[in-house]
Amino acid sequence: MTGQQPEASSSNSLPPTNPFSTSAVRPGALDYRFPADDSCELLVGRLRDHAWWGEVVGPHGSGKSTLLHSLHEPLRNAGRRVAHVTLTSGQRRLPVATGEMAAWDADTQLIVDGIEQLSWWQGRKLKRICRRQGCGLLVTAHVSFGLPTIMTTHPTVERTRQLVSELLPAAAAESVSAEDIADAFARHDGNVREVFFDLYDRYESRARDS
Amino acid sequence: MIEPLISLQFLGSNGIYRPGDELHAEYQIDAVEADELQAVELSVLWFTEGKGDEDLAVHYFERRVPADADEHDLRRLHRFKTILPNSPLSYTGEILKIRWCGRVRIFLRRGKELFFDQPFELRAPADDSNHKGGAA
């Protein structure tokens with residue numbers, strides 16, 4: 001669960017040896033790249049229009065988790081108290097204590113990443129609890145969970161290139177070419193997480209050869 | 001607005017240590033008013049880096065609040081020391097790396113936090129041709 005966050009935080013942490021390391025590409029480390037006609041603020045507006053209930057739908061590795069992390073601050077700025085749950089494979093129940101659920105109220109924005117992990121019954125139960133508590137519910141799923149779809153994630157090669165250029169330090173800008181990115185993007189069917197894994201290996205291999 | 005400056009320096013060392021060495025270091029904070037600082041935490045830690053899940057463990061930790069500092073000023077130079085453990089040693093593999101660092105984290109008013117990492121290596125005795133670490 002993610003409770004109240006500091007107002008702001010900054011750091012001078014060690015840059016990763018490989019720019020495609022998990023620490024650099026995990027959700028929260030990278031900002032989601034929106035299409036030109038969309039933004040965090042517009043998305044929060046759409047969520048508000050649906051009484052803070054909505055879903056982000058997209059395939060594996062399309063940036064759903066990254067998008068959710070990018071929404072934390074805009075949601076807090078909109079007066080929402082964010083509670084974030086990430087479900088991993090095989091987690092059929094929401095890992096939240098009953099007492100914690102009882103504290104959810106109209107200002108709470110529950111975020112559940114990977115809602116399809118819940119059993120059908122647990123999914124229904126979660127909706128019922130959120131309705132009873134009056135809290136918001138934002139989920140990610142590969143197919144619709146039956147909430148208003150506020151965004152469908154569609155990675156593109158161009159936006160993936162932009163992300164890669166942000167990750168690469170200036171001194172290593174030539175170590176991954178536009179063709180490398182396009183090739184990895186095509187081979188992994190637009191799964192950006194897999195593209196980063198692929199580029200990690202290429203970067204590692206070239207660093208060792210040089 | 002200028003961000004506070006955090007410096008952390010290892011003393012009498014080129015940043016390469018052996019298991020059992022004593023790490024001596026000092027840190028200092030600048031470009032911030034003393035009453036802005038709520039607390040300072042110092043950690044000596046290792047973490048993994050690579051393609052998979054990440055791991056981190058803190059070997060040494062201290063937290064100071066204004067009441068612990070001379071004239072309640074946490075910005076002043078502060079020294080600490082710790083004896084380094086036998087493992088894990090620094091490691092640079094293809095899919096996994098193990099890195100050691102000293103980390104100073106400062107807590108400011110209104111919940112703002114910043115931290116600074118200073119890396120060092122913990123090497124096996126056989127690897128330490130450049131060793132100028134602390135006394136064993």
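In what follows, chains are A, B, ... by sequence order, proteins preceding strands, each numbered from 1.
- Listed in order of number, the residues of residues 61-73 of chain B that approach chain A to under 4.5 Å between heavy atoms amount to none.
- The number of heavy atoms from other shown groups lying within 6.0 Å of NE2 (A/His142) is above 12.
- Sorted by first and then second residue, the side-chain hydrogen bond (donor to acceptor under 3.5 Å, both in side chains) pairs with a member in residues 81-92 of chain B read B/His59-B/Thr82; sequence neighbours excluded.
- With values rounded to the nearest 0.5 angstrom, B/Ile95 atom CD1 is found 12.0 Å from A/Asn18 atom CG.
- Along residues 45-55 of chain B, the residues that come nearer than 4.5 angstrom to chain A, judged on non-hydrogen atoms, are B/Phe47, B/Glu49, B/Gly50, B/Lys51, B/Gly52, B/Glu54 in order of number.
- In the displayed structure, A/Arg93 atom CZ is contacted under 6.0 Å by at most 12 heavy atoms of other residues, nucleotides or ligands.
- Using a 4.5 Å cut-off between heavy atoms, B/Arg105 does not touch chain A at all.
- For A/Pro15, the part sitting under 4.5 Å from any heavy atom of chain B is the backbone (N, CA, C, O) and nothing else.
- For A/Arg161, the side-chain contact (heavy atoms from CB on, under 4.5 Å) criterion is met by A/Val157, A/Glu158, A/Ala178, A/Ile181, A/Ala182, not counting sequence neighbours.
- Shown here for B/Glu94 and A/Tyr200, the closest heavy-atom pair between the two residues is O-OH, 2.8 Å.
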